Amino acid sequence: MPTFRAPRGTRDLLPADAARFQGLIAIARDLTDRYGYRPIETPVFEQAAVFERGIGEVTDVVEKELFRIAPRTDEAEAWALRPEPTAGIVRAWVQHGMQTWPQPVRLTTIGPMFRYDRPQAGRYRQFWQFDVEALGDPGPAIDAEIIELGHRFYGRAGVAGVEVHLNSIGDAACRPSYLAALVDFYRERAGAVPGPARARLERNPLRLLDSKDPTMVAINAGAPRIVDHLCAACAAHFAAVRAHLDAVHVPYRLEPGLVRGLDYYSRTAFEYYVTAREGQQQALGGGGRYDGLVELLGGRPAPGIGFGLGLDRVALVLEEQGMADDAGPGVPAPDVVVVSADPADTIARFVVATRLRGAGLAAQPDLGQRKLGRQLEAAARDGAHFAVILGDELAGGHVQVRDLKAGSQRLVAVDDLARELGRAVASHRHGTGE
Ligand code: AMP
């Protein structure tokens, strides 16, 4: 037999990890509900052109990392798995005419994204993102709302020391002259610019700025800064975003080299980092304004801003900070376990447990064929409060109910069982303050 394994760069989230993820998702949902962001779900695959146009062909995400789905012979369409959610959500905005809805439209989604990345800690080929988007509002106040929301999410999740890195990358009015200055700067140093970066110099010079290559990092230290080239409108927008963040005391650091990996951004760009973890160069999350994206995907021009926060990296940092166990709920113990004196009679246990479940109780039938003593041992080990014991009394319509914590036991009519147990479980919960 071949040994089957999860594909390279993917992970199984076993129950403890999956519960932690569910805990993070619950925090995200609670926050977005309260901030007024409504859920949206788009397909995990789209026409590849949605990403090629929406993200930009000269980006790592599209050039190297897009998971393309080979078309079947009877399908002409080329599809790809989504590497990020924004392009798909904007495609949906255009398709469903959301520009006619009351503006702005606040949306949120949480789900797996796919990038053919080189796997390493915190970098996977399938990873989860918590995403919010606000469309139809040019900002600057909503920019601050979104940045603050992300910051609050990390706080609620228990991640210590999260800092916002903030920049403005200008717009169609001021970026071209900045790009020209940047290209001149790199051309003067063309001899020193490593080959792969040089190939990008003319097509997408902005991408050279966030290169992790040590030679490029050294060159970039002296590169012209976009904040020095902002037009008056972009400079005023940027100042106002900062004023809003200051007003609610969200700490941020101005990062002139922050450009974001995706092409569609304009003006506000931001990323979240854990301060003490910078050596790893991994952002916990990031986002920005994308005022040109709707038009790029065929809609009437509309501004937008959003973020994508990587849940895998949050889980990783929580583990590093020794907070992992606080992040998610454990598996709750059953209220009731249903056991019987006759090991073979799984039908009776199944029927009684199904009834109790129907009445809203967390009831667990012992479906193995072991002796009563063993069934009761397992019930105690699982932390059940009550055991329903099916024995000879069942013929007369009765069962024994044992309080495993108190050690007491009494006879209850099967017809009264759900009601009696419901009351007992409720008073137990009340008594323990759960
Ligand atoms: P990006 O769109 O590249 O800025 O990604 C936004 C966030 O998604 C990042 O800050 C990470 O938290 C997360 N992320 C991106 N790529 C990966 C990956 N390959 N594995 C895990 N998380 C990722």
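This one's a predicted model, so the numbers in the text were calculated from it and none came from an experiment. One-based numbering, in listed order, for ligands and for the atoms of each.
We find that Asp30 and Arg34 are joined by a salt bridge, their nearest charged nitrogen and carboxylate oxygen being less than 4.0 Å apart. The pair Arg289-Asp143 meets the salt-bridge criterion, since a charged nitrogen lies less than 4.0 angstrom from a carboxylate oxygen. Ion pairing between a basic and an acidic side chain is recognised when a charged N comes within 4.0 Å of a carboxylate O; Asp17 and Arg11 show no such pairing.
The shortest N/O to N/O separation between Glu271 and ligand 1 does not fall below 3.5 Å. Distances between N or O atoms of Gly285 and those of ligand 1 include at least one value under 3.5 Å. Considering backbone and side-chain N/O of Gly308, none are found under 3.5 Å from N/O of ligand 1. Residue Leu284 places at least one N or O, backbone or side chain, under 3.5 Å from an N or O of ligand 1.
Residue contact check for ligand 1: Asp117 places a non-hydrogen atom closer than 4.0 Å to it.
Aromatic ring pairs are classed by plane angle as parallel below 30°, tilted from 30° to 60° and perpendicular above 60°; the pair Phe270 and Tyr272 is perpendicular.
Close contacts between ligand 1 and Gly122 involve ligand atoms 20 (N), 21 (C), 22 (N) [criterion: under 4.0 Å to a heavy atom].
Note: Phe127 CZ to Met113 CE = 7.0 Å, rounded to the nearest 0.5 Å. Atoms NE2 and OH, on His151 and Tyr252 in that order, are 12.5 Å from each other to the nearest 0.5 Å.
Considering only non-hydrogen atoms, atom 2 (O) of ligand 1 lies nearest to Arg115 out of Gln126, Glu84, Arg115, Met113. For atom 5 (O) of ligand 1, the nearest non-hydrogen atom from the set Glu65, Gln129, Arg125 belongs to Gln129.
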